[in-house]
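Comments concern the structure below.
These numbers come from the heavy atoms of this one structure, side chains and all, not from hydrogens, waters or symmetry mates. No experiment lies behind these values; they were computed from the predicted model shown.
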Amino acid sequence: MRAYHLEKPGTVDGIAARETDRPEPGPRDILVRVRAVSLNKRDLLILNGTYPLKAVPDVIPLSDGAGEVVAVGAEVTRFAVGDRVASTYFPKWIDGRITPALIDQPGATLPGMLTEYARLDENAAVRVPDHLGWEEAACLPCAGVTAWHALTGGEAVVPGETVLTLGTGALSLFAVQFAKLLGAEVVATTSSPQKAERLKALGADHVVRYADRPAWGRTVRDLTGGRGVDLVVETVGPETIEQSVRASALYGRIVLVSANSPRKASLEITTDALASSLVTMRRLFVGSRTHFESMLRFLGDTPRPPGALTLHGTRPVVDRTFGFDEVHEAFRYYESGVAFGKVVIRVA
């Protein structure tokens, strides 16, 4: 089989394809013929050596992938040959709170999914909906689960609340879609008039162009009749946290997904912004397999709140798909920041 390896960190050209023996599943492993993988911000951080979890030398990159089970170990009970599956971001984190013993990740400390065949522990995969194509299914493990966890963990969003999302990264787009499924009103931000229209088409009720309004927190409050939003999915961090606080309702919640930035070393919130706020901030990092399965059950089985979108209106947004021989081009395109949604690589 062919697999890509990060032979030289720091450069996209350091990712190289090699021929290698196809792995055989152990007693509790499944062997997955990978059909598609998708890129996340963490993959660029790992490439550049700035990710908090140090990658092992020569690692196979990427955490997110989907494919079909082609072989199973003798003790496997969760899957059978022919099942359609996706990888999980934290293979050891099944449920409950994460601990240091559970932080291993594909594409960092474990072999990733940028390979024709991947050997996974049977507990490190979930079944994916039949109606999704391989490219769509490969978008779920990181951005999809993070957005779902942000909206349903802690004090979960309920119908009638207002959710604020930032920008048009894949995670934010998932958050727009899921918030609508949960019956919430959605305010989204962007700098582009073209992307503003696409956000509205995706379900956003209001779109604020932050390039025109640097103090957009006030604009968001005005859109909510002065009340502010109930929950902010904060995906930017240092550059936006002040305005996120100002946009929040008195007892608003901020889910902090990103806390670092190459341009700003710390989160800074003025006392003026906090003076009239009782906002609660919650930090999260993707989610467990249970979060993943909860998301899939909701999309497939749970009745929708009145007026919410249906399952087939919440397909992952795929911006562009590359071939397995175009890995370098895919990384460079994703790094450019122009994508609206996920960047996917078709493996087989």
Side-chain angles (χ1 to χ4, degrees), residues 88-90 93-99 102 126 129 139-167 169-189 199 202-206 220-221 223-224 227-237 240-241 244-245 247-259 277-311 313-316:
T88 59
Y89 194 91
F90 289 104
W93 186 16
I94 307 302
D95 197 5
R97 292 184 172 184
I98 196 167
T99 67
L102 306 177
V126 298
C139 298
L140 300 174
C142 180
V145 173
T146 305
W148 177 253
H149 189 188
L151 294 167
T152 62
E155 187 179 346
V157 170
V158 297
E161 288 193 318
T162 304
V163 172
L164 172 64
T165 66
L166 308 182
L171 195 161
S172 295
L173 300 186
F174 271 117
V176 171
Q177 294 173 295
F178 290 158
K180 294 301 294 182
L181 275 173
L182 293 164
E185 183 177 12
V186 176
V187 181
T189 70
L199 283 166
L202 201 61
D205 298 282
H206 309 282
V220 172
R221 294 190 71 88
L223 288 171
T224 59
R227 181 179 175 277
V229 299
D230 298 288
L231 186 140
V232 182
V233 182
E234 175 52 86
T235 52
V236 181
T240 54
I241 190 66
S244 290
V245 171
S248 297
L250 178 61
Y251 281 95
R253 294 102 68 194
I254 297 175
V255 179
L256 185 63
V257 177
S258 178
S277 172
L278 297 173
V279 69
T280 299
M281 188 178 299
R282 178 169 65 96
R283 180 83 166 101
L284 66 75
F285 196 56
V286 193
S288 66
R289 193 188 81 195
T290 298
H291 290 121
F292 201 160
E293 292 170 333
S294 170
M295 177 187 75
L296 296 175
R297 283 196 303 271
F298 178 85
L299 292 176
D301 304 323
T302 304
R304 309 292 182 268
L309 299 178
T310 63
L311 170 62
T314 60
R315 290 178 179 272

Mind listing the closest non-hydrogen atom pair of G237 and L256 along with its distance?
CA-CD1, 4.4 Å
Locate the shortest heavy-atom distance separating A150 from V255; write the atom from each residue and the value.
O-CG2, 3.5 Å
Minimum heavy-atom distance P141-Y89, with the two atoms named:
O-CB, 4.1 Å
If every non-hydrogen atom of V286 is compared with every non-hydrogen atom of T146, which pair is closest and at what distance?
CA-OG1, 3.1 Å
Any heavy-atom pair between the side chains of K180 and D205 that's under 4.5 Å?
yes
Suppose we screen for side chain to side chain contact (heavy atoms under 4.5 Å, CB included). Which residues come up paired with A156, at least two apart in sequence or across chains?
none
Can you confirm whether L140 sits close enough to L296 that some side-chain heavy atom of one is under 4.5 Å from a side-chain heavy atom of the other?
yes
For the atom pair OG1 (T165) and CD (Q177), what is the distance rounded to the nearest 0.5 Å?
10.5 Å
Min side-chain heavy-atom separation W93-T88 under 4.5 Å
no
E234 and S244 have their tightest heavy-atom pair at OE1-OG, 2.6 Å
Quick check: do T152 and S294 have side-chain heavy atoms less than 4.5 Å from each other?
no
Taking salt bridge (charged side-chain N to carboxylate O under 4.0 Å, His left out) as the test, write out the residues that go with R289, two or more places apart.
E293
Partner residues of A143 under the side chain to side chain contact (heavy atoms under 4.5 Å, CB included) criterion, sequence neighbours left out:
N40, A170, L171, F174, K342
Does a side-chain heavy-atom distance below 4.5 Å link I98 with F285?
no
Mind checking whether L199 and L173 have side chains closer than 4.5 Å, heavy atoms only?
yes
Parallel, tilted or perpendicular: which one describes the rings of H291 and H149, with boundaries at 30° and 60°?
parallel
With sequence neighbours left out, write down each residue that passes salt bridge (charged side-chain N to carboxylate O under 4.0 Å, His left out) with R227, or none if nothing qualifies.
D230
Worked check of side-chain contact (heavy atoms from CB on, under 4.5 Å) between L182 and F298:
CA-CA 10 Å; L182 293 164; F298 178 85; 4.0 Å; yes
Check: M281 and I241 side chains under 4.5 Å, non-hydrogen atoms:
yes
What pairs with E161 under salt bridge (charged side-chain N to carboxylate O under 4.0 Å, His left out), at least two apart in sequence or on another chain?
R253
Shortest non-hydrogen contact between V145 and S288, atoms and distance
CG1-O, 4.4 Å
Contacts of type side chain to side chain contact (heavy atoms under 4.5 Å, CB included), residue L250, not counting sequence neighbours
L278
Evaluate the side-chain proximity of V233 to S172: yes if any heavy-atom separation is below 4.5 Å, no if none is.
no
